[in-house]
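Structure first, commentary second.
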Amino acid sequence: MRINFGYVAMSKVVKDCSPSRTVTVKSLSKIEDDEVRLHKLKSIAKTNIKNTQRLFYHNRAHDIKVYRLTSKLIPLATHPITEKWDWFKDIYSDLKGLGEYAKEHNFRISAHPDHYTLLNSPKDEILQSSLKDLIYHYKIFEGMGLDKSAKLVLHIGGSYKDKKRSIERFIKNFIKLPEHLREIITLENDDKTYTAKEVLEICQQVKAPMVLDIHHHWCNNNGEDLSEYLERIFETWNYEDVPPKIHVSSPKDEKKFRNHADNIDLDSFTEFLEKAKKINRDFDVMIEAKNKDVALFNLIDDLKNVPNIDVLDQASIEY
DNA sequence: ACCTGTCAAGTCTGG
DNA sequence: CCAGACTTGACAGGT
């Protein structure tokens, strides 16, 4: 089975290449002239896209096919202060070029709306702003010309003191989403509230692919053994054009167990590979480590010394 | 050039 | 009921 590795948003190798530059609401509101204000937003957005393109060149040079876009590509895109700004029109040609490169090199693109995007909030205004955020991410993919193989990764949300009803509310709201949004959403287990088993059940019910986060599973489980669920988790991807994806990170330390370490611990990763071997199916690994792409290269280096593993190129292995 | 407090957003906990 | 933690890259103001 073949495993492709990727990383999140920014590189530790390419310098001065943030795709997430922004501006604060405070400093933006100090600008009186509308034109100057729009220019500020527009130039930050363009810089972010340009830097993402530079990261794409870097990814191409290092055989990296799996990449998560920053959610902050367009500064304050869903904030009321930019309401009058038609950002899509201003940067469409830049986005289009970015997407063409991604498609040309078969990149597998994803994005991860942050934890303020909550489809199961009991408050309608939170649901509405979450919807707005999903639409924002969709427009980025759309502008890039990506098809539904580009995925959004979401968590289920809060428990609101009644997990059962909160799951029901999630499902109700998820099903109501327009088709074009629903078909790009994948659901991930989190480190505090919704376990891998619970998310799997939701995924099966709403027919969404599940992204398994191994680190989150260690933080939050009811004693379930992953190997019992792995096959069914991967099966949620059966109708997709892309292989299943998992998230991999290592705990910072015993005390700050939920925090991400700089790099990936080899032993726990190979332990997972043993379990995955039984299913014998290709999958993608999103490395979520402080050292970003460097952590990916470090892990690949470590894997070179593991028996039965062939390192195919700088970012993929055969096992 | 470097340092430090602050930042759009929600939820949960502890006081 | 409210303040603070959560988490984290980047801004912004100061030196």
Side-chain angles (χ1 to χ4, degrees), chain A residues 7-31 37 40-41 43-52 54-55 68-85 87 111-137 152-163 165-167 169-170 173 188-194 213 215-216 219-220 247 249-253 255-262 286-295:
Chain A
Y7 68 99
V8 178
M10 60 180 292
S11 168
K12 287 282 178 182
V13 177
V14 188
K15 297 298 170 195
D16 296 309
C17 196
S18 169
S20 310
R21 286 195 49 213
T22 186
V23 59
T24 56
V25 172
K26 197 176 166 188
S27 72
L28 196 66
S29 33
K30 277 187 201 155
I31 303 173
R37 194 188 283 213
K40 173 93 182 166
L41 290 163
S43 75
I44 293 173
K46 281 183 177 281
T47 304
N48 286 343
I49 295 172
K50 199 173 79 192
N51 283 344
T52 303
R54 290 173 58 210
L55 293 171
R68 183 193 299 167
L69 287 172
T70 173
S71 286
K72 300 190 180 79
L73 198 67
I74 314 300
L76 303 174
T78 57
H79 191 278
I81 199 169
T82 67
E83 221 163 34
K84 281 189 279 181
W85 178 33
W87 59 265
H112 198 344
D114 69 27
H115 58 278
Y116 301 109
T117 303
L118 296 154
L119 283 182
N120 73 344
S121 174
K123 299 176 197 156
D124 189 56
E125 68 265 30
I126 307 298
L127 180 62
Q128 293 312 317
S129 60
S130 300
L131 227 51
K132 208 170 154 187
D133 197 47
L134 292 181
I135 293 165
Y136 156 73
H137 282 93
L152 292 180
V153 184
L154 286 189
H155 293 294
I156 305 302
S159 68
Y160 309 95
K161 294 186 180 134
D162 188 342
K163 224 165 162 180
R165 290 188 63 187
S166 298
I167 289 176
R169 200 164 48 244
F170 177 87
N173 290 339
E188 179 194 353
N189 58 310
D190 66 82
D191 55 357
K192 280 187 171 153
T193 314
Y194 293 97
D213 188 307
H215 185 185
H216 290 168
C219 297
N220 179 27
H247 289 176
S249 52
S250 294
K252 190 175 176 65
D253 52 49
K255 213 170 153 59
K256 293 216 156 201
F257 193 82
R258 294 206 319 271
N259 293 45
H260 290 182
D262 293 350
M286 183 61 80
I287 300 289
E288 295 183 334
K290 294 265 194 200
N291 281 348
K292 305 283 176 184
D293 51 345
V294 171

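Below, chain A is the first sequence line, B the second, and so on; all start at residue 1. In what follows, every heavy atom counts, from backbone to side chain, and hydrogens, waters and symmetry copies are set aside. Note that the structure is a prediction, hence the values are computed from the model and not measured.
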Next on the checklist: Does anything in residues 122-130 of chain A come within less than 4.0 Å of DNA chain B? Heavy atoms only, and list the residues if so.
Outcome noted: A:Lys123, A:Ile126
Checklist entry - Using 30° and 60° as the class limits, which term best fits the ring planes of A:Phe257 and A:His215: parallel, tilted or perpendicular? => result perpendicular
Next on the checklist: Give me the distance, rounded to whole Å, that separates B:dC12 from C:dG9 when you measure between the P atoms they each carry.
Outcome noted: 25 Å
Checklist outcome for this item: A:Asp190 meets the salt bridge (charged side-chain N to carboxylate O under 4.0 Å, His left out) criterion, sequence neighbours left out, with none
Are any protein N/O atoms closer than 3.5 Å to N/O atoms in nucleotides 12-15 of chain B? If there are, list each pair with its distance.
from, atom 1, to, atom 2, distance (Å)
B:dC12, OP1, A:Ser159, N, 2.6
B:dC12, OP1, A:Ser159, OG, 3.1
B:dC12, OP1, A:Tyr160, N, 3.2

Checklist entry - In Å and rounded to the nearest 0.5 Å, what is the CG to CG distance from A:Asp213 to A:Asp191? => result 8.0 Å
Checklist entry - What stems, by residue range, does DNA chain B take part in, given at least 3 consecutive Watson-Crick or G-U pairs under 3.5 Å? => result B:1-7 with C:9-15, B:10-15 with C:1-6
Item to check | Side-chain donor/acceptor of A:Asp293 to backbone N/O of A:Ser11, under 3.5 Å | outcome: no
Checklist entry - Whole-Å distance between B:dT11 P and A:Arg169 CZ? => result 10 Å
Checklist entry - If the C1' atom of C:dT7 is compared with that of B:dC2, how far apart are they to the nearest Å? => result 23 Å
Checklist entry - When you measure from the side chain of A:Asp114, which nucleotide among B:dA8, B:dA9, C:dT7 comes out closest? => result B:dA9
Checklist entry - A:Lys192 NZ to C:dT7 P: how many Å, rounded? => result 6 Å
Next on the checklist: Do A:Asn220 and A:Asn189 have side chains that approach each other closer than 4.5 Å (heavy atoms only, starting at C-beta)?
Outcome noted: no
Checklist entry - What pairs with A:Lys163 under salt bridge (charged side-chain N to carboxylate O under 4.0 Å, His left out), at least two apart in sequence or on another chain? => result A:Glu198
Next on the checklist: Please give the distance between the P atoms of C:dA12 and B:dA9 as a whole number of Å.
Outcome noted: 16 Å
Item to check | Stepwise side-chain contact (heavy atoms from CB on, under 4.5 Å) test for A:Ile167 and A:Asn120 | outcome: CA-CA 7 Å; A:Ile167 289 176; A:Asn120 73 344; over 6 Å; no
Item to check | A:Ser71: side chain to side chain donor-acceptor pair (under 3.5 Å) partners, not counting sequence neighbours | outcome: A:His137
Item to check | Residue A:Arg258, side-chain atoms from C-beta onward, closest of B:dA8, B:dT11, C:dT7 | outcome: C:dT7
Next on the checklist: Using a 4.0 Å heavy-atom cut-off, does A:Lys252 contact any base of the nucleic acid, only the sugar-phosphate backbone, or nothing at all?
Outcome noted: nothing
Sort me out a list of protein N/O and nucleotides 2-5 of chain B N/O pairs below 3.5 Å, or just none if empty.
none

Next on the checklist: Rounding to an integer number of angstrom, what distance separates B:dC7 and C:dA3 when you compare their P atoms?
Outcome noted: 15 Å
Checklist entry - Which residues satisfy the side chain to side chain donor-acceptor pair (under 3.5 Å) test with A:Arg169, sequence neighbours excluded? => result A:Ser166
Checklist outcome for this item: Residues of residues 22-30 of chain A with a heavy atom under 4.0 Å from any atom of DNA chain C, listed by number, are A:Thr22, A:Val23, A:Thr24, A:Ser27, A:Lys30
Checklist entry - Looking only at atom types and distance, does a side-chain atom of A:Lys84 sit under 3.5 Å from a main-chain N or O of A:Ile81, one as donor and one as acceptor? => result no
Next on the checklist: At less than 4.0 Å, is any side-chain N or O atom of A:Lys72 found next to OP1 or OP2 of B:dA8? Yes or no.
Outcome noted: no
Next on the checklist: If I take atom NZ in residue A:Lys132 and atom P in nucleotide B:dA9, what distance separates them, rounded to the nearest angstrom?
Outcome noted: 13 Å
Checklist entry - Sequence neighbours excluded, which residues qualify as side chain to side chain donor-acceptor pair (under 3.5 Å) partners of A:Asn51? => result A:Arg54
Item to check | Near-parallel close stack of A:Tyr116 and B:dG10 base (under 5.5 Å, under 30°) | outcome: no
Item to check | A:Glu83 CD: over 12 foreign heavy atoms closer than 6.0 Å | outcome: no
Checklist entry - For A:Ser18 and C:dG9, is the shortest distance between a side-chain N/O and OP1 or OP2 below 4.0 Å? => result no
Show me the donor-acceptor pairs within less than 3.5 Å that the side chains of residues 16-23 of chain A make with the rest of the protein, sequence neighbours left out.
from, atom 1, to, atom 2, distance (Å)
A:Ser18, OG, A:Ser20, N, 3.0
A:Ser20, OG, A:Thr70, OG1, 2.8

Checklist outcome for this item: Rounded to whole Å, the CG-C1' distance (A:Asp162 to B:dT11) equals 15 Å
Checklist entry - What is the distance from NE2 of A:His260 to P of C:dT8, rounded to the nearest Å? => result 7 Å
Next on the checklist: Within a 6.0 Å radius of atom NZ on A:Lys26, are there more than 12 heavy atoms belonging to other residues, nucleotides or ligands?
Outcome noted: no
Checklist entry - Are a donor atom and an acceptor atom from the side chains of A:His112 and A:Glu188 found within less than 3.5 Å of each other? => result yes
Item to check | A:Lys292 atom NZ, neighbour heavy-atom count above 12 within 6.0 Å | outcome: yes
Item to check | d(CG, A:Asp133; C1', B:dA8) in whole Å | outcome: 11 Å
Next on the checklist: Output the rounded distance in Å from CG (A:Asn259) to P (C:dA5).
Outcome noted: 14 Å
Checklist entry - Using atom P of each nucleotide, how far apart are C:dG4 and B:dG5 to the nearest Å? => result 15 Å
Item to check | Main-chain N/O of A:Leu131 paired to A:Tyr136 side chain as donor or acceptor, under 3.5 Å | outcome: no
Checklist entry - Under the side chain to side chain donor-acceptor pair (under 3.5 Å) test, which residues partner A:Ser250, sequence neighbours left out? => result none
Checklist entry - Between A:His155 (NE2) and C:dC6 (P), how many Å, whole number? => result 18 Å
